[in-house]
Amino acid sequence: MTQDPHNPRLDLNVIADLVTPGSRVLDVGCGDGALLQLLAQTKNVDGRGVELSQSGVNECVAKGLSVIQGDADTDLADYPDDGFDYVILSQTLQATRRPREALRNMLRIGRHAIVSFPNFGHWRIRTQLAIKGRMPVTGNLANSWHDTPNIHLCTIRDFVELVDELGAHIAHGAALDRYGSPIRVNAPWWIWNLMGEQAVFLLERRAPQK
């Protein structure tokens, strides 16, 4: 999750708004630490990060952030249950090898899980596939198919179905436009799936049935 200073990640503000001040936060795939830094400055969180790239870890440490090198696919299993109030996976789900297991671990480790991802169901992507017959390149999916880190692209509808399979509850969801601002439309999921370029979801574990 690298933030381009000339094209700031406006979705980070949407994510930060979902976090309660003073919370314990684990940011998985934290990149250069932009979100952790924002949360520390605006929400006074006790933040920790996990980042795969050594360059990302170095950037975070240089900013005074508590970040270790690790892999979301393998290292989340080592974290204890309920170790954090929030576990965040920002624009990283599509790059994991086992997104289902990553989400399952996030919901085990944190009381809440926040996930953001590019929506492969957006109408521009559908149009590029239909007209050009080629894998699309957009602002949120900027790499060509042969050099992209994204290996499990999904749509908003796909994600909602996976959350349901995992038995989790969607406490909040937002489809975002190309500028990272929420689409202010109270509409069914299929509308968001068509119009949202990316999405942010706040998940919770369902209470066990008695």
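Keep in mind that the numbers below use all heavy atoms, side chains included, and drop hydrogens, waters and symmetry copies.
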*Rounded to the nearest 0.5 Å, what's the gap from OH on Tyr86 to CG on Leu18? Could you check?*
7.5 Å
*Atom CG in Asp75, atom CD in Gln69: separation rounded to 0.5 Å?*
9.5 Å
_Just to verify, what does Asp82 make a salt bridge (Lys or Arg N to Asp or Glu O under 4.0 Å) with, not counting sequence neighbours?_
Arg205
*Counting only N and O atoms by type, is there a donor-acceptor contact under 3.5 Å from the side chain of Lys63 to the main-chain atoms of Asp32?*
yes
*Could you go step by step and tell me if Val160 and Arg157 meet the side-chain contact (heavy atoms from CB on, under 4.5 Å) rule?*
CA-CA 5 Å; Val160 170; Arg157 181 175 178 179; 5.8 Å; no
_If we ignore hydrogens and angles and just use 3.5 Å, is the side chain of Asn119 paired with the main-chain N or O of Gly196 as donor and acceptor?_
yes
*Which heavy atom of Leu38 sits nearest a heavy atom of Leu12, and at what distance?*
CD2-O, 3.7 Å
*May I ask you to check whether over 12 heavy atoms, not counting those of Arg24, lie within 6.0 Å of atom CZ?*
yes
*Roughly how far, to the nearest 0.5 Å, is OG of Ser116 from CD1 of Ile88?*
9.0 Å
*After noting the C-alpha distance and the side-chain angles of Phe120 and Cys154, does the key distance pass the side-chain contact (heavy atoms from CB on, under 4.5 Å) rule?*
CA-CA 5 Å; Phe120 207 68; Cys154 71; over 6 Å; no
*asked:* If I take atom CG from residue Asp27 and atom CD1 from residue Ile15, how far apart are they, to the nearest 0.5 angstrom?
replied: 8.0 Å
*Can you name the side-chain hydrogen bond (donor to acceptor under 3.5 Å, both in side chains) partners of Asp71, sequence neighbours left out?*
Arg97
*Hey, what do you get for CZ (Arg98) to CG (Asn105), rounding to the nearest 0.5 Å?*
8.5 Å
_Is there a side-chain contact (heavy atoms from CB on, under 4.5 Å) between Asp177 and Gln198? Walk through the geometry before answering._
CA-CA 7 Å; Asp177 62 22; Gln198 50 186 315; over 6 Å; no
*So which heavy atom on Ser90 is nearest to which on Asp11, and how close?*
OG-OD2, 4.2 Å
*Side chains of Phe84 and Arg48 in contact at under 4.5 Å (non-hydrogen atoms)*: yes
*Which value, rounded to the nearest 0.5 Å, describes the distance between Leu203 atom CG and His169 atom NE2?*
9.5 Å
_Backbone of Val19 reached by a side-chain donor or acceptor of Ser23 within 3.5 Å_ = no
_Distance-only side-chain donor-acceptor flag, Gln54 / Asn58, under 3.5 Å_ = yes
*asked:* Looking at every heavy atom in both Ile114 and Val200, which two are closest together, and how far apart are they?
replied: CG2-CG1, 4.1 Å
*asked:* Cys30 and side-chain contact (heavy atoms from CB on, under 4.5 Å): which single residue from Glu59, Glu51, Gln37 fits?
replied: Glu51
*Might you point out which heavy atoms bring Ala72 and Val28 nearest each other, and give the distance in Å?*
CB-CG1, 3.5 Å
*Verify whether one side chain among Thr155 and Asp158 offers a donor that lies under 3.5 Å from an acceptor in the other.*
yes
*Is any side-chain heavy atom of Val50 closer than 4.5 Å to a side-chain heavy atom of Tyr79?*
yes
*For Asp81, all residues meeting salt bridge (Lys or Arg N to Asp or Glu O under 4.0 Å), sequence neighbours excluded*: Arg108
*Indicate the atoms forming the closest heavy-atom contact of Leu107 with Ala113, along with that distance.*
CD2-CB, 4.0 Å
*Between Phe117 and Phe201, what is the ring plane arrangement, given parallel below 30°, perpendicular above 60°, and tilted in between?*
parallel
*Mind checking whether Pro118 and Glu197 have side chains closer than 4.5 Å, heavy atoms only?*
no
*In sequence, state the C-alpha distance, the side-chain angles, and the governing distance for Met106 and Val115, and then conclude on side-chain contact (heavy atoms from CB on, under 4.5 Å).*
CA-CA 10 Å; Met106 289 173 65; Val115 184; 3.9 Å; yes
_Any donor-acceptor N/O pair, Thr96 side chain to Leu93 backbone, under 3.5 Å_ = yes
*Nearest heavy-atom pair of Ala102 and Leu76: which atoms, and what distance?*
O-CD1, 4.0 Å
*asked:* Taking Val67 as the starting point, is it possible to reach Leu52 by hopping between hydrophobic residues whose side chains are less than 4.5 Å apart?
replied: no
